[in-house]
Amino acid sequence: STGLAPVADQEGFLIALPTSLSGPWRVAHDAAENEAETEWLASFGRRSFAAAGWDFGDEDADFIMAVLDEVASTEDVDPTRVYSVGKQNGAFMATRMVCDHSDRFAAVATLAGGLRLSEPCAADRPVPGFTTMGALQATLPTELAEQGAAEWADRNGCGPTPAKREVARGVSEIRYQGCEADVDVVLHVVEGVTYLWPWPPTGSAGARIGDYHPGTVMWRFLFPHAIL
């Protein structure tokens, strides 16, 4: 659902698509984190993951790692180029996975979910992060996505002031550079669009944006990054 499948066919990389064992992904490690107040669900009218009806624990995270191990045992996988990717609730899980397993995931990319730092984030190195979203997405205000990118960049030791530019017509980019270990943190915001999947958006927005494709952009961000 992140839109990477056609890009994988074209570029020749593998995708593993696990789903949660039951209900939404268990993003929180424990009950305290699950019940802690968070800004990330305010648009849903919920003050915590628990209030949204999400469960907690390690079952989903352990399942993802088991899937990764199984794929690596049967396919030709470069262990230095494994990436964590997710959409919405899956985006929160993707960032949890790189925080918990920065020795296994080289970078993270999210769609419509921002870059939420897991609390606490146990990553023992700077982790490159990319996220793309629609400016009209009701469940993730642009200001919160910008805040998440800034916090991720701060943890990576990036410079405090990001570079801003338009990467495609109607698509703005915020890029933090000067980070430790030469990693970067990038946020794309697509104007006039709610959710970025399915893609392309219908109507005038799709015609205006042209060749911009979230899956392709995510892959171009991810692939240069490897665990050294």
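Heads up: numbering here begins at 1 and tracks the sequence. Fair warning: this is a prediction, and the values are worked out from it, not measured in the lab.
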request  = Give every residue pair that meets the salt bridge (charged side-chain N to carboxylate O under 4.0 Å, His left out) criterion with at least one member in residues 5-34, sequence neighbours excluded.
outcome  = Arg26-Asp55, Arg26-Glu59, Arg26-Asp60, Glu33-Arg116
query = Is there a path from Trp219 to Leu187 through hydrophobic residues (I, L, V, M, F, W, Y) whose side chains come within less than 4.5 Å of each other?
reply = no
remark   = In terms of heavy-atom contacts, Ala145 and Met133 come closest through CB-SD, 3.3 Å
request  = Please round to the nearest 0.5 Å and tell me the distance separating atom CD of Glu191 and atom CZ of Arg169.
outcome  = 13.5 Å
inquiry  = Whether the side chain of Asn34 engages the backbone of Phe49 through a donor-acceptor N/O pair (distance < 3.5 Å, no angle test) should be reported.
reply    = no
key: Residue pair Pro224 / Arg81: nearest heavy atoms and the distance that separates them   = O-NH2, 3.8 Å
request  = Check the hydrophobic clustering (I, L, V, M, F, W, Y; side-chain heavy atoms under 4.5 Å; chains of links allowed) and say if Tyr83 and Leu117 are grouped together.
outcome  = no
key: Pair listing, salt bridge (charged side-chain N to carboxylate O under 4.0 Å, His left out) test, anchored in residues 90-109, at least two apart   = Asp58-Arg96, Asp69-Arg104, Arg96-Asp100
query = NE2/His188 to CG/Leu111 distance, rounded to the nearest 0.5 angstrom?
reply = 12.5 Å
query = Between Asp124 and Ser102, which heavy-atom pair has the shortest distance, and what is it?
reply = OD1-OG, 2.8 Å
Verify same cluster id: Met97, Leu21 (apolar side-chain graph, 4.5 Å) = yes
message = If the condition is ring pair (Phe, Tyr, Trp, His ring centres under 6.0 Å), which residues does Phe44 pass it with, not counting sequence neighbours?
response = none
ask   = When rounded to the nearest 0.5 angstrom, what is the spacing between CG in Leu68 and CZ in Phe105?
value = 5.0 Å
task = Applying ring pair (Phe, Tyr, Trp, His ring centres under 6.0 Å), name anything that partners Phe221, two or more places apart in sequence or on another chain.
result = Phe130, His225
key: Residue pairs, two or more places apart or on separate chains, that pass side chain to side chain donor-acceptor pair (under 3.5 Å) and touch residues 128-142   = Thr110-Thr131, Thr132-Tyr212, Gln137-Thr139, Thr139-Tyr195
key: Least distance between heavy atoms, Thr38 atom then Ser48 atom   = CG2-CA, 4.0 Å
remark   = ring pair (Phe, Tyr, Trp, His ring centres under 6.0 Å) filter on Phe63, not counting sequence neighbours, yields none
Salt bridge (charged side-chain N to carboxylate O under 4.0 Å, His left out) contacts touching residues 171-183 (sequence neighbours left out) = Arg165-Glu173, Glu173-Arg175, Arg175-Asp184
ask   = Could you state the interatomic distance from CG (Asp78) to CZ (Phe223), rounded to the nearest 0.5 Å?
value = 8.0 Å
inquiry  = Any non-hydrogen side-chain atom of Thr95 less than 4.5 Å from a side-chain atom of Ser118?
reply    = no
request  = Only counting residues at least two apart or in another chain, list the ones meeting ring pair (Phe, Tyr, Trp, His ring centres under 6.0 Å) with Trp40.
outcome  = Phe92
query = Can you name the side chain to side chain donor-acceptor pair (under 3.5 Å) partners of Asp76, sequence neighbours left out?
reply = none
request  = Check whether Val193 and Leu136 end up in the same hydrophobic cluster, where Ile, Leu, Val, Met, Phe, Trp and Tyr are linked by side-chain heavy atoms less than 4.5 Å apart.
outcome  = no
inquiry  = Please find the pair of heavy atoms, one from Gly159 and one from Tyr176, that lie closest to each other, and give the distance.
reply    = O-CD2, 3.4 Å
Distance-only check: which donor-acceptor pairs under 3.5 Å involve side-chain atoms of residues 148-157, not counting sequence neighbours?
residue	atom	partner	partner atom	Å
Glu151	OE2	Gln147	NE2	3.2
Trp152	NE1	Val127	O	2.8
Arg155	NH1	Ala123	O	3.4
Arg155	NH2	Cys121	O	2.8
Arg155	NH2	Ala123	O	3.0
Asn156	OD1	Val127	N	3.0
Asn156	ND2	Val127	O	2.8

message = Other residues, nucleotides and ligands only: do more than 12 of their heavy atoms fall within 6.0 Å of CZ on Arg125?
response = yes
Single-linkage hydrophobic cluster Trp25~Leu140, side-chain heavy atoms < 4.5 angstrom = yes
task = Using the salt bridge (charged side-chain N to carboxylate O under 4.0 Å, His left out) rule, collect all pairs that involve residues 40-50, keeping only residues at least two apart or in two chains.
result = Glu37-Arg47
note = Pro141 meets the side-chain contact (heavy atoms from CB on, under 4.5 Å) criterion, sequence neighbours left out, with Ser43, Glu143, Leu144
inquiry  = Would Gln10 and Thr216 count as a side chain to side chain contact (heavy atoms under 4.5 Å, CB included) here? Give the steps.
reply    = CA-CA 10 Å; Gln10 179 178 344; Thr216 300; 5.8 Å; no
inquiry  = Within the structure provided, determine whether Leu222 and Val85 are in side-chain contact (heavy-atom separation under 4.5 Å).
reply    = yes
Reported OG1-to-CD1 distance for the pair Thr161 and Ile174, which is rounded to 0.5 angstrom = 11.5 Å
message = As a quick check of understanding, evaluate side chain to side chain contact (heavy atoms under 4.5 Å, CB included) for His101 and Ile64, giving each step before the final call.
response = CA-CA 11 Å; His101 300 282; Ile64 291 172; over 6 Å; no
query = If you look at every heavy atom in Pro128 and Ala106, which pair is closest and at what distance?
reply = CD-O, 3.2 Å
